[in-house]
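Worksheet for the structure shown next.
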2 protein chains.
Amino acid sequence: MDQLRETLKGHHLRTTTCREDVLSTFITKKNALSHGDLEGALGENYDRVTIYRTLKTFLEKGIIHKVLDDEGLRYALCSHNCSEEKHHHDHIHFKCSECGETNCLENLHIPAVQLPNGYQPENFNLLIQGVCPKCG
Amino acid sequence: MDQLRETLKGHHLRTTTCREDVLSTFITKKNALSHGDLEGALGENYDRVTIYRTLKTFLEKGIIHKVLDDEGLRYALCSHNCSEEKHHHDHIHFKCSECGETNCLENLHIPAVQLPNGYQPENFNLLIQGVCPKCG
DNA sequence: AATAATTGTGCAACTTTGTTGCAAGTGATA
DNA sequence: TATCACTTGCAACAAAGTTGCACAATTATT
């Protein structure tokens, strides 16, 4: 799994087994994950605290982004080249009320919104809840 | 403050001082509030647990709705006639990174999105973060 | 107006979620 | 392979949220 090392190095991070495992979990699961999800998947190998810190580091370095949810934060891989300096996301997130999975719809962009005078938008986050194709 | 009683009765709720105070806090503060905000405002008068339960009840009855946030849930008044049966919201929420306030932009509707086949949307939640007119 | 039935509240105890400081361990570099 | 900086685990803590139960308050009934 040299690709994991590449990704970590590309973001100026040391390669450790915890970081490799967290990253690889994101890659294989594909959907947005909460801290609890990762703890469930890797908790026997790593301390809770380490997972928290790994998520925080990945966020800062632009490897993952936050996904808003009505029952707790989740995180998902950044597909484009986000960096320490800035994240850029304008895709839609879809949460299925049946299976509970939240996924990035990378190809769907959030439509432009005309805000009233004085509002300076920087960041957009659209969550659509409903039933996904698998469960429909 | 008979309007408070009216609102509570209209949603089939007994009028208690806690409910009146929570409702009145939402009305006067206008912006979205977290449980912590309410605890800060009313915590000396009511138990933490009671405030949790009041929020839950208000949510169920359609008096308030959830506002997604990247650092914890907030709640805001439903402006239209939401009920036990269903909530309907399609307005935009704006969170200011300076003052930290989150507000409903009642007049701004979330633009329609063309989802791929198979997705059945039910619920939309758009949070825009940036700088608000007061802080700009 | 008094009482009964129903619903809400406070308290205590607990679970879950997230944070911080520090000592020991590990990875990258020369 | 020795060094230095960064990472991890542990322990302790803080914050956020939940549950059961006895008592209190509100509404409905007479």
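A note on names: the letters A, B, ... follow the listed sequences, proteins ahead of strands, and every chain is numbered from 1.
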Check: Is the backbone of B:Y75 close enough, under 3.5 Å, to the side chain of B:H65 for a donor and an acceptor to pair up by distance?
Finding: no
Notebook entry, point to check: Distance check: side-chain N/O of B:R14 vs OP1/OP2 of C:dT6, anything under 4.0 Å?
Noted result: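 Answer no for this pair, as no side-chain N or O of B:R14 is under 4.0 Å from OP1 or OP2.
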Note to self: Can you see if the side chain of B:T16 gets near the phosphate of C:dT7 - specifically, an N or O under 4.0 Å from OP1 or OP2?
What the structure shows: no
Check: Taking the side chain of B:T50 as its heavy atoms from C-beta onward, which of C:dA28, C:dT9, D:dT18 lies nearest to it?
Finding: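 Of the candidates, C:dT9 comes closest.
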Item checked: A:E101/A:K134 salt bridge by N-O under 4.0 Å criterion -> yes
Notebook entry, point to check: Can A:K95 and A:E71 be counted as an ion pair, charged N to O under 4.0 angstrom?
Noted result: yes
Next item on the list: Note down the inter-axis angle between the two ends of the helix from C:dA1-D:dT30 to C:dA30-D:dT1, five pairs each, to the nearest 10°.
Entry: 40°
Next item on the list: Mind checking A:T15 for me? I need base, sugar-phosphate or nothing, with any heavy atom below 4.0 Å counting as a touch.
Entry: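 The residue A:T15 makes sugar-phosphate contact but no base contact.
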Next item on the list: Could you state the atom-to-atom distance from CD of B:E39 to P of D:dA16 in whole Å?
Entry: 8 Å
Next item on the list: Could you state the atom-to-atom distance from NE2 of B:H11 to P of C:dT7 in whole Å?
Entry: 19 Å
Next item on the list: Look at atom CD of A:E44 and say whether more than 12 heavy atoms of other residues, nucleotides or ligands are closer to it than 6.0 Å.
Entry: no
Check: Are more than 12 heavy atoms from other residues, nucleotides or ligands located less than 6.0 Å from atom CD of A:Q114?
Finding: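 12 or below, so no.
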Notebook entry, point to check: Would you say the base of C:dG18 and the side-chain of A:R53 have a donor-acceptor pair closer than 3.5 Å?
Noted result: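 Not at all, since no donor on one side and acceptor on the other fall under 3.5 Å apart.
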Check: What about A:R48: does its side chain form a donor-acceptor pair under 3.5 Å with the base of C:dT17?
Finding: no
Note to self: Parallel, tilted or perpendicular, judged at 30° and 60°: which one describes the rings of A:H89 and A:H87?
What the structure shows: tilted
Checklist line | Residue whose closest nucleotide on DNA chain D lies nearer the 5' end, B:L73 versus A:L13 | finding: A:L13
